[in-house]
There are 2 protein chains.
Amino acid sequence: MAIKTSPAPLPPYARVKQYLKRELARGRWTPGTLMPSEAELVQRFSVSRMTVNRALRELQSEGLVDRVQGSGTYAAQLHGVSSRLTIRDLHEEIGARGHEHRAVVHLKQAERATAELAHQLGMAEGAKVFHTRIVHLDNGVPLQCEDRYVNPACAPGYLGVDFEQTTPTNYLRTVAPTWEAHYAIEASPPTAEEARLLGIRRDEACLVIVRRTESRGVGITLARLVHPGSRYLIEGHFKP
Amino acid sequence: MAIKTSPAPLPPYARVKQYLKRELARGRWTPGTLMPSEAELVQRFSVSRMTVNRALRELQSEGLVDRVQGSGTYAAQLHGVSSRLTIRDLHEEIGARGHEHRAVVHLKQAERATAELAHQLGMAEGAKVFHTRIVHLDNGVPLQCEDRYVNPACAPGYLGVDFEQTTPTNYLRTVAPTWEAHYAIEASPPTAEEARLLGIRRDEACLVIVRRTESRGVGITLARLVHPGSRYLIEGHFKP
DNA sequence: AAGTGGTCTAGACCACTGG
DNA sequence: CAGTGGTCTAGACCACTTA
């Protein structure tokens with residue numbers, strides 16, 4: 001009996017994908033070029049059309065090819081480095097590093113929404129909003145100042161939560177399980193208050209993430225996350 | 001003959017997906033919970049197993065469910081806001097806004113690699129590297145200072161390119177069609193030189209992207225892209 | 001009209017998990 | 001062992017593009 005040394009004899013659809021990826025990487029089809037049709041690949045690999053179709057559909061969802069019904073499959077333009085960016089819950093992020101996370105609540109109250117804020121959350125001006133300001137510490141070092149406004153309609157119990165035990169992100173996740181988010185990443189100086197809470201100079205560059213989440217068109221929360229530039233960065237990796 | 005008013009009667013696999021997404025959003029299956037098996041869905045929707053399978057496979061690739069062979073399909077933990085982050089070629093980015101892009105080359109020469117640089121690019125210390133420093137203007141306003149080192153082995157003709165006509169990113173794309181990249185986004189002050197070239201104060205916060213790209217383990221290029229915080233931000237959107 | 005992709009089906013075999 | 005997902009097939013019908 002033969003000994004199986006091959007660890008995993010790639011399934012057919014994966015072999016087709018691999019072939020196409022390799023040839024794309026070699027520049028065999030420059031961006032915009034017509035690539036082999038499903039029928040051609042069916043013949044070349046002696047597999048069924050569904051198998052080829054799966055390979056091509058996956059390449060499309062990975063952004064490597066464009067498919068046009070009635071026309072053909074084309075090598076995609078490489079728009080740039082595109083990768084999965086994950087903005088994780090800071091508590092998990094710190095935990096993943098094996099550090100201790102601690103949160104200090106500096107503000108927790110109900111307020112009246114300003115015109116700008118009301119617009120962002122899709123509420124009426126002057127309506128009640130919840131406001132928290134929390135500093136997150138990584139092994140005792142301030143890593144993030146989290147200024148957050150929450151729509152009371154979505155999380156009536158928000159002010160009653162102990163945010164030294166759980167994070168707002170975590171809590172809101174249980175209230176509104178799935179949402180849509182818009183975010184911006186920018187570099188800017190901290191406000192005087194933020195500088196004080198983070199223990200940094202007012203002219204230290206900060207990495208600021210502003211994130212607005214909504215569910216079914218209703219604004220849930222608007223958060224401003226300020227990180228000292230000297231202590232925080234976002235890393236990522238891209239593989240075609 | 002009946003008049004077709006429905007614009008697009010969602011195909012079966014999409015209806016299954018839609019159903020599962022909606023119920024997930026409603027919290028019907030909390031993270032980690034066992035979800036209906038393929039067989040159950042086949043019955044409920046009166047479709048073939050391949051159709052249900054496709055729906056579930058796509059939900060998996062979107063990170064909404066975890067599937068374990070032999071066990072079942074489980075509602076995924078929401079790891080955080082995860083979205084496609086694209087760092088585009090600045091030339092395209094400016095063009096997409098309908099603005100005029102101009103590049104000024106401040107430095108273009110061969111140098112000897114320092115130990116650190118050699119390590120980053122996987123070369124020998126003291127080996128020859130190409131170095132360019134280019135400022136990109138958006139309608140005349142400095143938007144990015146691009147400091148770039150290139151491995152001559154990957155792009156021998158690099159120094160001969162006219163970077164007022166094409167961008168390094170664009171050129172390197174033609175030389176090494178597909179690559180792997182590692183990047184970091186951080187906030188930091190500009191160097192004195194960068195502040196001068198960008199026409200900003202030394203204490204202005206800058207959004208800095210450091211990106212290293214390689215192909216098959218060989219370092220191609222290391223770039224430091226410095227943007228005035230007051231003029232640039234990265235935006236993104238996340239939809240489950 | 002010919003060629004392309006978009007989708008579905010009914011049945012099949014396999015590998016893995018769990019009791 | 002029964003149940004689950006992983007994958008493949010052969011054929012089918014449709015909508016769309018191109019000429």
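Annotation: proximity of residues 40-59 of chain A to DNA chain C (heavy atom, distance under 4.0 Å) is found for A/Arg49, A/Met50, A/Asn53, numbered in ascending order.
Here D/dA15 presents its C1' atom at 16 Å from CG of B/Leu10, a figure rounded to the nearest Å. Atom CG of B/Leu34 is separated from atom P of D/dG3 by 14 Å (rounded to the nearest Å). The CG atom of A/Leu20 sits 12 Å away from the P atom of C/dG5 (whole-angstrom rounding). Atom CD in A/Glu38 sits about 14 Å away from atom P in C/dC8, given to the nearest Å. Between the CG atom of B/Asp66 and the P atom of D/dT4 there is a distance of 18 Å, given to the nearest Å.
Going from atom CZ of A/Arg148 over to atom OG1 of A/Thr221 covers 4.0 Å, rounded to the nearest 0.5 Å. With rounding to the nearest 0.5 Å, the separation of CD1 in B/Ile185 from CD1 in A/Ile234 is 5.0 Å. In this structure, OG1 on A/Thr73 lies 12.5 Å from CG on A/Leu64, to the nearest 0.5 angstrom.
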So which protein nitrogen or oxygen atoms get under 3.5 Å of nucleotides 17-19 of chain D's nitrogens or oxygens?
| from | atom 1 | to | atom 2 | distance (Å) |
| --- | --- | --- | --- | --- |
| D/dT17 | O4' | A/Gly70 | O | 3.3 |

Could you pull out every donor-acceptor pair under 3.5 Å between side chains of residues 36-45 of chain A and any protein atom, sequence neighbours left out?
| from | atom 1 | to | atom 2 | distance (Å) |
| --- | --- | --- | --- | --- |
| A/Ser37 | OG | A/Ala39 | N | 3.4 |
| A/Ser37 | OG | A/Glu40 | N | 3.3 |
| A/Glu38 | OE1 | A/Arg49 | NE | 2.5 |
| A/Glu38 | OE1 | A/Arg49 | NH2 | 3.2 |
| A/Glu38 | OE2 | A/Asn53 | ND2 | 2.8 |
| A/Glu38 | OE2 | A/Arg67 | NH1 | 3.4 |
| A/Glu38 | OE2 | A/Arg67 | NH2 | 2.5 |
| A/Glu40 | OE2 | A/Ser37 | N | 3.2 |

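No donor-acceptor distance shorter than 3.5 angstrom exists from the side chain of A/Asp138 to the backbone of A/Ile94, with no hydrogens or angles considered.
Residues forming a side chain to side chain donor-acceptor pair (under 3.5 Å) with A/Tyr171 (at least two apart in sequence, or on another chain): none. Shown here are the side chain to side chain donor-acceptor pair (under 3.5 Å) partners of A/Gln144, two or more places apart in sequence or in another chain: A/His227. For A/Val105, the side chain to side chain contact (heavy atoms under 4.5 Å, CB included) partners at least two apart in sequence or on another chain are A/Lys108, A/Ile134, A/Phe163, A/Glu164.
In terms of phosphate contacts, A/Tyr13 brings no side-chain nitrogen or oxygen within less than 4.0 Å of OP1 or OP2 of D/dC8. Here A/Thr73 reaches the OP1 or OP2 of C/dG5: one of its side-chain N or O atoms lies under 4.0 Å away.
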